[in-house]
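Presented below is the structure to which this report refers.
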There are 2 protein chains.
Amino acid sequence: MAQKPGIPKGTRDFSPTEVAQRNYIFSTIKEVFEVFGFQPIETPSFENSSTLMGKYGEEGDRLIFKILNSGDYLKKVDEGLLTNKESIKVTSKISEKALRYDLTVPFARYVVQHQNDIVFPFKRYQMQPVWRADRPQKGRFREFYQCDADVVGSKGLWQEVEFVQLYDAVFSKLKLNGTTIKLNNRKILAGIAEIIGAKDKLIDFTVALDKLDKIGAEGVTNEMLAKGISEEAISKVQPLFSFNGTSQEKLNQLQDMLAQSEQGLQGVKELRFIVDNVEELGLQSAKLDLDVTLARGLNYYTGAIYEVSAPEGVKMGSIGGGGRYDDLTGIFGLKDVSGVGISFGLDRIYLVLEELGLFDDVALPKPKVLFINFGETEAAYCMKAVSALRVNGIKSELYPDAAKMKKQMNYANRRQIDFVVLAGESELEGNNYTLKNMQSGEQQTCTLQELIEITK
Amino acid sequence: MAQKPGIPKGTRDFSPTEVAQRNYIFSTIKEVFEVFGFQPIETPSFENSSTLMGKYGEEGDRLIFKILNSGDYLKKVDEGLLTNKESIKVTSKISEKALRYDLTVPFARYVVQHQNDIVFPFKRYQMQPVWRADRPQKGRFREFYQCDADVVGSKGLWQEVEFVQLYDAVFSKLKLNGTTIKLNNRKILAGIAEIIGAKDKLIDFTVALDKLDKIGAEGVTNEMLAKGISEEAISKVQPLFSFNGTSQEKLNQLQDMLAQSEQGLQGVKELRFIVDNVEELGLQSAKLDLDVTLARGLNYYTGAIYEVSAPEGVKMGSIGGGGRYDDLTGIFGLKDVSGVGISFGLDRIYLVLEELGLFDDVALPKPKVLFINFGETEAAYCMKAVSALRVNGIKSELYPDAAKMKKQMNYANRRQIDFVVLAGESELEGNNYTLKNMQSGEQQTCTLQELIEITK
């Protein structure tokens with residue numbers, strides 16, 4: 001019996017239309033990356049397990065897809081481990097390779113491995129799939145693409161300015177107007193932690209503060225108190241409860257509030273540099289929003305933090321994010337290489353563009369001209385024209401069989417082909433072609449040269 | 001202690017230059033595929049093991065990379081299997097997914113799964129990596145790309161003609177002149193088998209015949225006799241020992257030789273159709289060669305067989321191949337779908353182009369203009385120009401730090417940047433820029449508008 005065809009959950013097939021739409025996003029991002037001076041690299045789909053394991057926390061280790069060793073892989077495994085079915089311990093004995101979990105760790109590995117060939121500061125981009133054994137759900141897959149741009153080897157804050165511009169340039173080019181680029185700084189968060197008296201309360205604090213819109217200042221205060229943050233501490237950061245106005249006003253409030261925290265003030269200074277310069281240079285369609293509740297990847301980032309949200313009204317998590325990290329390559333033995341980078345969430349951007357109908361201009365992958373096949377002699381005559389059209393870059397094809405006319409026209413219609421060429425006995429005699437415009441229904445007789453000019 | 005960074009054997013990192021060169025090949029092939037009317041699809045990197053296992057023979061099953069199930073994967077495995085360390089039997093219990101081994105089986109699965117959405121004849125192309133646990137060696141990797149184009153749902157021989165043209169178009173566009181497209185037909189081979197009296201001798205026969213250049217007619221005859229092919233049989237296929245001349249001459253010889261084999265004559269007829277039409281339409285740079293020793297994928301193909309060899313003088317195996325198969329989708333329950341397809345060997349084409357110096361025209365991924373960073377005020381002034389250049393599509397960047405001039409110029413030189421812009425106090429005063437052509441060393445003062453025009 002034949003197998004019922006299917007694919008693993010969390011993975012997807014992409015139809016020609018979907019590939020074209022996805023490539024439109026990829027090529028837009030790629031074009032902007034390159035105009036900003038970034039260079040592409042690619043790394044293998046699987047890495048040595050030792051490169052990936054332990055880099056994403058316990059949860060991450062669990063979600064990494066492991067590849068089984070080849071051959072008689074059980075041979076050297078301790079029998080006790082097998083008998084006791086100690087899955088986790090056995091894994092490291094029977095699997096030496098694992099699928100890429102993100103692009104950041106492989107990039108760090110790449111920088112260290114090729115440090116002698118790299119010209120620093122190194123501006124690289126990378127657009128490749130990653131794999132996670134996550135529970136699949138809407139907008140979350142087990143195989144998905146990441147599009148990352150990073151600069152390593154420079155501490156200059158201009159990079160932070162550029163990444164805001166880069167987000168704006170990409171989303172403007174995609175005609176996705178009204179995105180919000182949220183900006184924060186790890187040092188501001190450290191400053192707030194200092195002020196409220198405890199680092200370990202910082203996450204509770206930001207989570208509570210983030211609910212301000214929903215539960216009001218009193219609700220937030222109560223939640224903070226319940227989490228063990230003192231009334232005195234809360235009063236010190238009171239300005240954050242009415243954290244509104246322009247970025248400049250917000251910066252001034254932060255500056256006052258964090259006056260006692262050296263690190264906090266440094267964060268304000270950095271943020272001010274970015275905000276001032278972004279405002280001076282201007283953005284095309286995005287809005288910059290200073291958001292002190294933004295706290296992604298706390299352990300990882302050390303300076304600026306970014307997150308991009310879709311235009312209002314579109315229900316979707318963040319469609320991009322990133323930040324500054326002061327020591328990415330240290331794990332592989334190269335110290336003091338500061339980096340800053342951002343990522344685009346391809347699959348989410350796809351869903352947003354689809355919802356907003358922004359794929360209308362994407363050219364579908366289809367031939368422009370179909371030559372009807374009336375039989376061997378006519379087909380041979382048509383193939384000369386097909387070859388001439390193709391040399392001129394016009395996507396065209398001959399229907400492969402001398403099928404019934406209705407079937408061939410049906411094919412042209414279903415594939416939405418613009419022009420159909422008919423060449424029967426009389427056309428062969430007259431050394432010309434009958435060209436039918438499938439949209440208007442109009443027909444005309446023309447020479448090969450005219451055929452090329454009209455369909456070009 | 002820090003880990004020493006490395007990657008699994010048989011895999012590769014690609015530097016920016018390598019990515020650009022590889023993309024040049026990819027995009028050339030893609031462009032030609034599309035101009036010929038092919039549409040892209042993509043399938044997941046891993047498939048259900050049941051989709052892949054048993055499709056590539058025993059050797060193939062061994063070379064497929066298996067992915068370990070998540071979680072407590074040993075829990076349900078029979079203890080006896082574990083204790084006896086029965087690796088092969090355990091595999092099917094602890095691994096449900098496997099990495100793609102080629103693009104053909106996933107394509108067959110795709111066609112069957114999506115048959116109701118597909119317009120037949122379906123012309124698809126696919127360019128994705130595949131993985132094989134092969135022993136790595138020169139030109140053979142564990143992760144490599146395949147670029148396939150197939151047509152399913154038509155038995156028309158025009159497709160066979162088109163694929164010869166397609167190979168020629170791609171290699172001509174890559175300026176790889178002098179390739180040879182070898183052509184044979186499975187039915188010719190079946191005819192020869194009939195004539196020599198035994199199907200099981202066919203491989204011995206073609207292998208021996210292929211040595212004609214090296215060991216001469218007598219050597220070949222002796223080898224055939226040693227393999228148990230009768231003298232009488234050999235005399236019947238004697239024409240193949242002097243199988244020279246034009247394709248037409250070869251076809252005539254085959255026609256005489258295979259007169260007693262219906263299948264053989266059908267093969268001659270098909271070959272004649274392809275050869276006649278290819279000759280009539282002409283090729284740009286490739287040579288068509290009728291080669292009866294060509295026997296790739298015997299069990300798989302049922303009609304035409306292709307193989308492309310690199311220009312003479314370049315030591316490299318085939319750089320492409322393919323053929324007609326009459327029942328690809330049957331394994332997944334869809335009968336009677338004939339297909340024909342070809343594949344490009346990306347990695348080998350890369351090596352050939354490199355050897356012949358055919359990457360000279362590939363634009364390296366680098367900015368065209370570097371703005372020197374003299375400090376905050378000057379940098380802010382430059383960033384306005386950088387933004388203006390980028391809007392005009394000119395790849396440009398500001399050096400991220402106010403480093404020493406020598407360091408910044410060194411960076412420009414090492415990255416082979418064409419133009420450097422210097423803007424210090426006097427330029428800010430004059431609202432202009434000093435542009436240095438890094439090739440000629442020439443310097444000139446210009447306005448922003450002139451800057452855009454010159455560097456565009």
Side-chain angles (χ1 to χ4, degrees), chain A residues 2-3 5 7-8 11 13-14 16 19 34-35 37 39-46 48 50 65-68 70 72-75 82-83 85 87 90 95 97 109-110 112-113 119 121 133 143 154 156 158-159 281 332-333 365 367 379-380 383 387 390 393 395 397-398 400-401 411 414-415, chain B residues 2-3 5 7-8 11 13-16 19 34-35 37 39-46 48 50 65-68 70 72-75 82-83 85 87 90 95 97 109-110 112-113 119 121 133 143 154 156 158-159 281 332-333 365 367 379 383 387 390 393 395 397-398 400-401 411 414-415:
Chain A
Q3 286 176 243
I7 51 176
T11 69
D13 281 330
F14 296 108
V19 172
E34 295 202 345
V35 102
Q39 319 171 64
I41 68 159
E42 288 179 11
T43 62
S45 296
F46 48 73
N48 293 323
S50 56
F65 278 114
K66 288 101 186 166
I67 295 172
L68 202 55
S70 305
D72 192 2
Y73 58 89
L74 287 175
K75 199 173 169 188
L82 289 174
T83 315
K85 296 191 171 179
S87 293
V90 170
S95 163
K97 293 181 285 289
R109 194 264 311 142
Y110 180 98
V112 180
Q113 192 174 333
V119 186
E143 172 175 47
S154 160
W158 285 107
Q159 300 300 344
L281 293 163
F332 299 112
M383 275 303 289
S387 296
R390 286 174 178 168
K395 296 177 186 174
E397 63 181 34
L398 167 75
D401 309 287
Y411 173 86
R414 287 192 65 191
R415 289 202 64 189
Chain B
Q3 288 176 239
I7 52 177
T11 69
D13 281 329
F14 296 109
S15 71
V19 172
E34 297 203 344
V35 103
Q39 319 171 65
I41 69 160
E42 287 180 11
T43 62
S45 296
F46 47 74
N48 293 323
S50 56
F65 278 113
K66 287 100 185 169
I67 295 172
L68 203 55
S70 305
D72 192 4
Y73 58 89
L74 287 177
K75 201 174 166 186
L82 289 175
T83 317
K85 297 191 172 181
S87 293
V90 170
S95 163
K97 293 181 285 290
R109 194 263 311 142
Y110 180 99
V112 179
Q113 192 174 334
V119 186
E143 172 174 46
S154 160
W158 285 107
Q159 301 300 345
L281 292 163
F332 298 112
M383 275 303 288
S387 296
R390 286 174 178 169
K395 297 178 186 173
E397 64 181 33
L398 167 75
D401 309 286
Y411 172 86
R414 285 193 65 190
R415 289 202 63 191

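Side chains are part of it too, since the values below use all heavy atoms of this structure and drop only hydrogens, waters and symmetry mates. Below, chains carry the letters A, B, ... as their sequence lines are ordered, and counting in each starts from 1.
- With A/Q39 as the fixed residue, the side chain to side chain contact (heavy atoms under 4.5 Å, CB included) test singles out one of B/P16, B/S15, B/P367: B/P16.
- Electrostatic pairing of A/K85 and B/D72 does not count as a salt bridge here, judged by no charged N lying under 4.0 Å from a carboxylate O.
- When the candidates A/R390, A/K395, A/Q159, A/R415 are compared by the number of heavy-atom contacts under 4.5 Å with chain B, A/R390 comes out ahead.
- Distance check: B/D13 CG to A/E42 CD gives 10.0 Å after rounding to the nearest 0.5 Å.
- The parts of B/V35 that come within reach of chain A are both its backbone and its side chain, each placing non-hydrogen atoms under 4.5 angstrom from that chain.
- Most heavy-atom pairs under 4.5 Å with chain A: of the set B/S70, B/S95, B/P121, this distinction falls to B/P121.
- Of the atoms belonging to A/Q113, heavy atoms from both backbone and side chain fall under 4.5 Å from chain B.
- For chain B, the nearby parts of A/S45 are the backbone and the side chain; heavy atoms of each come within less than 4.5 Å.
- Looking at A/S154, the atoms closer than 4.5 Å to chain B (heavy atoms on both sides) sit in the backbone and in the side chain alike.
- Per-residue heavy-atom pair counts under 4.5 Å with chain A were compared for B/R414, B/R109, B/K66, B/E397, and the maximum is reached by B/R109.
- A distance of 12.5 Å separates CD1 of B/I7 from NZ of A/K97, quoted to the nearest 0.5 Å.
- Only the side chain of A/L281 has a heavy atom closer than 4.5 Å to any heavy atom of chain B.
- Scanning both residues, B/G156 and A/D401, for their nearest heavy atoms gives N-OD1, 2.9 Å.
- Remark: side-chain polar atoms of B/Y411 are not paired, donor with acceptor, to backbone N or O of A/V119 under 3.5 angstrom.
- With a 4.5 Å cut-off on non-hydrogen atoms, B/E34 touches chain A through its backbone and its side chain both.
- Taking both residues in full, the closest heavy atoms of B/L74 and A/S87 are given as N-OG, 3.1 Å, listed atom of the first, atom of the second, then distance.
- Closest of all the heavy-atom pairs between B/P400 and A/W158 is O-CD1, 3.9 Å.
- Closest heavy-atom contact between A/F14 and B/Y110: O-OH, 3.9 Å.
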